[in-house]
Amino acid sequence: MEYLKGLSDAQGRSVLATEGPVAVLAGAGAGKTRVLTTRLYHLIRSGVPAREILAVTFTNKAAREMRERIRKLLGEGDASPGLPLVATFHGLGRELLESYGTRIGVPRFFSIYDRSDSEKAIAAILKSLDVGAKDLSPRSVLARISGAKGEGLRVEEFLEKSGGRTFNGRILAQVWRAYEKKLKEERALDFDDLIALPLQLLEEHEDARGLAQARWRYVHIDEYQDTNLLQARLADLLSAKHKNLFVVGDIDQTIYTWRGATIENLLTFEEDHPGTETIILEHNYRSTKNIVDAANRVIAENKKRKDKRSVTDNPEGEPIVVHVALNAEDEACWIGRKIRELMRSGMAPEEIAVLFRTNFQSRALEEGLLRLGVPYTLVGTRFFERKEVKDVLAWVRLALDPSRESDRIRAVASPPRGIGPTTLGKLVAGKRTELRAGELAKVEAFEAVIAELARASEKLLPSEFVRLVVEKSGMHRIMVEEGSDDDRERFENVEEIASVAARHDREPGKRGIAAFLAEAALASDQDELDRATKTGVALMTAHAAKGLEFSTVFVSGMEEGLFPHQGTQEEDRDEEEERRLFYVAMTRAKQRLYLTLARIRKIYGTDFLSEPSSFLADIDRSLIRYDENDGERVIEA
């Protein structure tokens, strides 16, 4: 089999072990994506219909890349009718609910609340209950509700388990009920519903469970170490009939326990799935030997892990450079100078990443790169959270479901059409007859546009529909024909929405448009890299960098209390998870790794004298070169 050439023995075994439960423990840079895609291709070549194969990963970006690799292996055109379903967990949940969700009261077409939508809804509910942000913030309330949903709890179970004994717990339950009512009114689900409801559906309805199990004979889960309890149960349910569950993961890269990921899912997989074949991929194809050895030294200090040590045939490479700066500004300028040197030597800026542990660090880093004229992209500035983008999405959702009040309120104001809050209030209250003739004319003109778009949504391709929305809503006229230079620049983001929608043009009509809306709602930080102009250094948190790789990586803020992060409370600190996060950060680098720290760090307006991160002591001194030339003075541009 030609497609197996070039794979290591362990990789080849992973591809060929098609029957029964299989756990692949893949170290950083071990080629797990190649193994997964080759395995899917092997199954298809072996006669398994593509429609009977399911692969689940964690980001839209990873899913797109996997689909493209399989498409190339198959040699098919863009239509690719023979592709397996490759989706994120949330995308899989949407597929299950669209197929079988009416059994539990989920409408055929539903909207998805992103985090900002959920926070706004909860903020309005808290305000209606006269609860101030100092008592309960919308973000903290959403986190509590999300955590409870992630444990499979409903509001009554939450109250019984923990919430009913305190005032905040009772208020939280009250907010939760109102939030669920709001979602139902809007025919919407939130992120957590996309996991909890499909699981509920399959557990409670034998016919739907049987259909789903018969639908996919082979189930693959990427990044299995990042699954929570509900996601693991969903994978088990889907694979229960045929027992062909293939999981790939690395315990050493478990960095999302704060989001509900459960390291035990991978630690106990063999015990939970009798007859499991376990395969270890230890060969690192990405990084130099110095980087691999240093990462091995760091992660070996953890106790809660499987015994695994990465090896590589790559050259030894340059030593890991550690730089001690005077303060955060000094650190940022030193990084900027180094990047400028690398760029002058011929390295493209997009081959470089600057990682940080917490978001507040980005301010000094951005200022330093700007000062030195280094182009960069700050990953985390979400495309789909920009105002003009959310305006278009509101129009699209309203065309699919004219009953959504929140989208109606946004759409009538974007662009403005003379329909104010008083007029809207009368409409919501059912007092349409009280509208004056001029008000009524404006409302009817708006409703006529929505009705026209609703009809068009039945047959147009998603990209065509988005372009029609932009034209009929008046955005093109307001932003391009009559707008300022800033408006015209923002319109480029509006045009980009059609490009995103075009990914779903294989499904014309409402189904494709709904799939596009789901992608918009479920976009992650990493998706921004696909959208960014590929002309700048990537500036991002260590968490956001997982799954990516760069020729050169700078890890900033290597100070005790920052990385490893102290947390707001002593019990918040998980030393092993912090070490895993540092391991992830280190192993993003292919050729060069720089670790920087500041002797003085300003936090909440106060200067603190910093100690070097304890993680630095885990690295063998022979692998490090300390750069001390600029350590005690502010660097001049």
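In what follows, every heavy atom counts, from backbone to side chain, and hydrogens, waters and symmetry copies are set aside.
- Salt bridge annotation for K390-D117: present, with a cationic side-chain nitrogen under 4.0 angstrom from a carboxylate oxygen.
- A salt bridge does not link E481 with R477: none of the charged nitrogens is closer than 4.0 Å to a carboxylate oxygen.
- Salt-bridge check for R417 with E444: failed, with every basic side-chain N at 4.0 Å or more from each acidic carboxylate O.
- No donor-acceptor pair under 3.5 Å is formed between the side chain of H220 and the backbone N or O of L36.
- Residues I122 and V175 form a side-chain contact, since some pair of their non-hydrogen atoms from C-beta on lies under 4.5 Å apart.
- By the 4.5 Å heavy-atom criterion applied to side chains, R51 and W216 are not counted as neighbours.
- R177 pairs by the salt bridge (charged side-chain N to carboxylate O under 4.0 Å, His left out) definition with nothing, not counting sequence neighbours.
- At a threshold of 4.5 Å between non-hydrogen side-chain atoms, the residues F89 and I221 count as touching.
- Atom-to-atom distance recorded for S99:OG and R108:CZ is 7.0 Å, nearest 0.5 angstrom.
- The two residues L393 and A520 make their nearest non-hydrogen contact at CD1-CB, 4.0 Å.
- Taking the charged nitrogens against the carboxylate oxygens, E519 and R64 do have a contact shorter than 4.0 Å, which makes a salt bridge.
- What you find for L97 and L189 is that their closest heavy atoms are CD1-CD1, 3.6 Å.
- A side-chain contact (heavy atoms from CB on, under 4.5 Å) with I145 is found for exactly one of L153, L172, D192, V155, namely L172.
- Using a cut-off of 4.0 Å between Lys/Arg side-chain N and Asp/Glu carboxylate O, K61 and E65 are scored as salt-bridged.
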Could you go through the side-chain contact (heavy atoms from CB on, under 4.5 Å) check for H504 and S463 one step at a time?
CA-CA 8 Å; H504 303 278; S463 61; over 6 Å; no

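- Salt bridge absent: R103 and E204 never bring a charged side-chain N and a carboxylate O closer than 4.0 Å.
- Between K546 and D226 there is a salt bridge, since at least one side-chain N of the basic residue sits less than 4.0 Å from a carboxylate O of the acidic one.
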Considering only distance and modelled atom types, tabulate donor-acceptor pairs under 3.5 Å from the side chains of residues 352-360, sequence neighbours left out.
unit_1, atom_1, unit_2, atom_2, d
R357, NE, E578, OE1, 3.1
R357, NE, E578, OE2, 3.4
R357, NH2, E578, OE2, 2.7
T358, OG1, Q361, OE1, 3.4

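- With salt bridges taken as basic N to acidic carboxylate O contacts below 4.0 Å, none links E464 and K459.
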CA sep, side-chain torsions, deciding dist, call: Y113, D193, side chain to side chain donor-acceptor pair (under 3.5 Å)
CA-CA 10 Å; Y113 267 28; D193 292 331; over 6 Å; no

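- Look at K510 and E458 and you find a salt bridge, because one of the NZ, NE, NH1 or NH2 atoms lies within 4.0 Å of a carboxylate O, short of that distance.
- Remark: aromatic rings of F191 and H90 are close, center separation under 6.0 Å.
- Checked by atom type and distance alone, the side chain of R588 never pairs as donor or acceptor with a backbone atom of E549 at under 3.5 Å.
- The shortest distance between side-chain heavy atoms of R115 and L142 falls below 4.5 Å.
- Electrostatic pairing of E452 and K472 counts as a salt bridge here, judged by a charged N lying under 4.0 Å from a carboxylate O.
- Here E68 does not pair with K72 in a salt bridge; the nearest charged N to carboxylate O distance is not below 4.0 Å.
- Residue D391 forms a salt bridge (charged side-chain N to carboxylate O under 4.0 Å, His left out) with just one option from R397, R386, R410, and that option is R410.
- Between K442 and E447, no side-chain nitrogen of the basic residue sits less than 4.0 Å from a carboxylate oxygen of the acidic one, so the salt-bridge criterion is not met.
- For the pair S406 and E186, the minimum side-chain heavy-atom distance is below 4.5 Å.
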Given R371 and E367, is the salt bridge (charged side-chain N to carboxylate O under 4.0 Å, His left out) satisfied, shown in steps?
CA-CA 6 Å; R371 181 182 175 190; E367 288 182 0; over 6 Å; no

